[in-house]
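Working notes for the structure below.
FYI, side chains are in, hydrogens and waters are out, and symmetry mates aren't considered; it's all heavy atoms of this structure.
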Amino acid sequence: MGWLAVGPPGALAHATLVRSDPSDPCAILSFSRLPQLPQADLPCATGMVLRQPPRFVRLYFNERVDLIGRGVRVFGPGGRRVEVGPAQISGTEVSVKVNAAEPGTYRVIWRVVASDTHPAQGTFAFSVGHSSGPPAGMAAGAGSPARPTVGLALQTLARALHFAGYAMSFGVIGFRQLVLVPLSLADDVSSERRLWRLVGAGVLTLLIAEPLALVAQTTSLGAAGDGPFDLELAGGALDSSFGRVLAQRLGAAVLLWVLVGAVRNTHIGEMQMAWAVLPLGAVVALIDGEAAHAVGTRPAWAGLSINMVHEAAMGLWLGGLLGLLSIYRMPGIASRRGAIVARTTRIALVLVTVLIITGTVMALQHLTGLRDLAATAYGRTLLVKLCVLAAGLAIAWAAVSAPVDGRPRWWVREAGALLG
């Protein structure tokens with residue numbers, strides 16, 4: 001932690017356009033520390049007026065990106081596409097050759113996906129010789145995000161479903177293996193049936209989350225004039241870092257489906273096969289790190305490893321709580337409820353400790369100081385998460401102090417806080 005605190009990077013979000021050539025005065029002012037001017041005072045609609053036509057349009061990002069479809073589209077004054085050949089990537093620079101000999105205003109529209117799978121897009125203009133109206137058939141705001149709120153909501157829902165499915169599948173299996181098996185309670189038919197139904201619901205949730213994530217990504221990248229589901233955007237998303245993570249998640253969910261079926265239908269070696277599911281949970285948590293800020297840490301393996309442990313602890317805590325709620329009132333384990341609760345509580349304490357340590361280390365990777373907790377979107381989101389976590393811990397403590405029959409009510413509230 002001391003090593004991480006020596007020189008943490010700034011609390012930056014995902015891929016950001018740092019500058020462009022031809023330059024965009026609006027973007028330059030928005031990323032600088034100079035006092036902001038009203039948009040009406042800036043030539044945002046026409047951009048800078050160039051005496052000579054540029055041969056290339058270059059975009060410079062704060063990190064390496066993947067292109068969505070052609071990545072960069074440039075429309076001339078007549079509304080015709082003027083790119084010559086596909087866009088090229090060299091490090092953090094994206095460039096495309098253009099034929100911009102016609103005088104007037106050109107509009108550049110770009111769409112990319114960051115290394116952490118998050119989409120980014122934007123548009124700017126430049127003029128050659130003199131400014132003019134927007135390219136024929138194109139409104140001044142064309143290319144700007146059309147449904148940013150809908151896209152964000154769908155991304156949030158897909159991500160929540162994925163994490164809930166992770167807890168219901170891997171977390172519940174972890175509860176069975178770490179709590180019920182050591183207490184010799186894994187042979188009760190009724191509780192086993194209920195646990196495996198919960199695991200099956202988790203697998204189904206994992207499978208549903210990925211198509212929804214693709215729709216969310218396509219919606220987030222959509223612009224004014226695009227249809228509700230653009231096949232070109234979907235293909236570009238699947239051919240990016242987002243698509244690779246989506247494929248890995250789907251493959252892991254299908255493999256989990258196969259393993260769960262094998263465990264439930266095979267009595268010989270069932271114990272060993274059930275244990276084999278937990279390493280797959282670690283792999284899924286590692287894959288999820290590729291779609292999070294962890295992929296931007298240095299060294300990358302350290303960020304991915306810490307994120308993996310963090311997510312696995314979350315899944316086991318929430319999954320253990322869901323598993324406990326599902327079987328707590330089953331007659332077959334009534335005489336061993338105290339032992340089950342005691343063992344689940346001890347494991348939960350370890351998981352909470354792991355969550356706090358790994359969460360602190362990950363925060364140190366992205367925050368330059370305490371003021372970032374209020375000054376950056378990342379910091380404010382982290383503050384909200386900490387408040388919800390504190391509420392969950394307070395509810396858990398209340399459950400420990402409550403009468404035995406009243407504990408499930410507190411556990412339901414704790415599960416709700418963790419899902420939140």
Assess R413 against W410: is NZ or CZ under 6.0 Å from the centre of the six-membered ring, and within 45 degrees of the ring's axis? yes
Requested in this report: May I ask you to test the L152-T156 pair for a side-chain heavy-atom distance under 4.5 Å?
Outcome: yes
When you measure from the side chain of R343 to the backbone of L178, do you find a donor-acceptor pair of N or O atoms at a distance under 3.5 Å? yes
| said: side-chain contact (heavy atoms from CB on, under 4.5 Å), that's the test. Do F124 and L59 meet it? Break it down for me. | reply: CA-CA 11 Å; F124 66 92; L59 308 174; 3.5 Å; yes
- Would you find a donor on one side and an acceptor on the other, under 3.5 Å apart, between the side chain of Q155 and the backbone of T219? no
Check your understanding: How about N62 and T92: do any of their side-chain heavy atoms sit closer than 4.5 Å?
Key -> no
Taking the six-membered ring for Trp, are F61 and W110 parallel (under 30°), tilted (30 to 60°) or perpendicular (over 60°)? perpendicular
T344 vs W411, test: side-chain contact (heavy atoms from CB on, under 4.5 Å). Steps then yes/no. CA-CA 12 Å; T344 304; W411 292 336; over 6 Å; no
In this structure, CD1 of I357 is separated from CD1 of I306 (nearest 0.5 Å) by 11.0 Å
Is there side-chain contact between L355 and L351, with heavy atoms separated by less than 4.5 Å?
no
Tell me whether the NZ or CZ atom of R107 lies within the 45° cone about the ring axis of F75 and under 6.0 Å from its centre.
no
Correct closest heavy-atom pair for P22 and V57 would be CD-CG2, 4.2 Å
Of all heavy-atom pairs linking V108 and F126, the shortest is CG2-CE2, 3.7 Å
The complete set of side-chain hydrogen bond (donor to acceptor under 3.5 Å, both in side chains) pairs with one or both residues in residues 233-260, sequence neighbours excluded, reads D66-R244, R249-D288
Minimal heavy-atom distance between L207 and A253, with the atoms involved, is CD2-CB, 3.6 Å
Note: S169 and V203 closest approach over all heavy atoms is CB-N, 4.2 Å
Got a donor-acceptor contact below 3.5 angstrom from the R194 side chain to the S326 backbone?
yes
Separation between OH (Y60) and OG (S95), nearest 0.5 Å, reads 8.0 Å
### Query
V179 versus L324: any side-chain heavy-atom pair under 4.5 Å?
no
Between Y378 and the options L383, D372, L367, the side chain to side chain contact (heavy atoms under 4.5 Å, CB included) test singles out L367
Looking only at heavy atoms, the pair that brings L321 and A415 closest together is CD2-N, 3.4 Å
Check this for me: R371, atom CZ, are more than 12 non-hydrogen atoms of other residues, nucleotides or ligands nearer than 6.0 Å? no
Practice problem: Determine whether Y166 and L161 make a side-chain contact, defined as any pair of heavy atoms from C-beta on separated by less than 4.5 Å. | Solution: no
Measure from the side-chain N and O atoms of S90 to the backbone N and O of E93, and report whether any donor-acceptor pair falls under 3.5 Å.
no
**Report entry** Any side-chain donor near an acceptor of the partner, S20 and D24, under 3.5 Å
**Finding:** no
Closest heavy-atom pair, I395 versus E414, reported as atoms and distance to 0.1 Å, is CG2-N, 3.6 Å
Could you walk me through whether H162 and V284 pass the side-chain contact (heavy atoms from CB on, under 4.5 Å) test, one step at a time? CA-CA 10 Å; H162 175 77; V284 173; 4.2 Å; yes
One should read off an interatomic distance between F170 CZ and L316 CG, to the nearest 0.5 angstrom, of 10.5 Å
Any donor and acceptor pair, going by atom type alone, linking the side chain of R337 with main-chain N or O of Y328 inside 3.5 Å?
yes
Distance col, row F175:CZ vs L198:CG, nearest 0.5 angstrom, shows 10.5 Å
Task: Any V260 side-chain heavy atom under 4.5 Å of I173 side chain - done: yes
So CD1 of I327 and OG of S190: to nearest 0.5 Å the spacing works out to 11.0 Å
**Request:** Please test D21 against F56 for side-chain contact (heavy atoms from CB on, under 4.5 Å), starting from the C-alpha separation and ending with a verdict.
**Result:** CA-CA 8 Å; D21 183 18; F56 291 88; over 6 Å; no
Rounding to 0.5 Å, atoms CD1 (I340) and CE (M330) come to a distance of 11.0 Å
So for atom CZ, which belongs to R380, do other residues, nucleotides or ligands contribute more than 12 heavy atoms lying within a distance under 6.0 Å?
yes
Q. Any side-chain heavy atom of Q88 sitting closer than 4.5 Å to one from K97?
A. no
(Q) Within the 4.5 Å heavy-atom criterion, are L246 and Q217 side-chain neighbours or not? (A) no
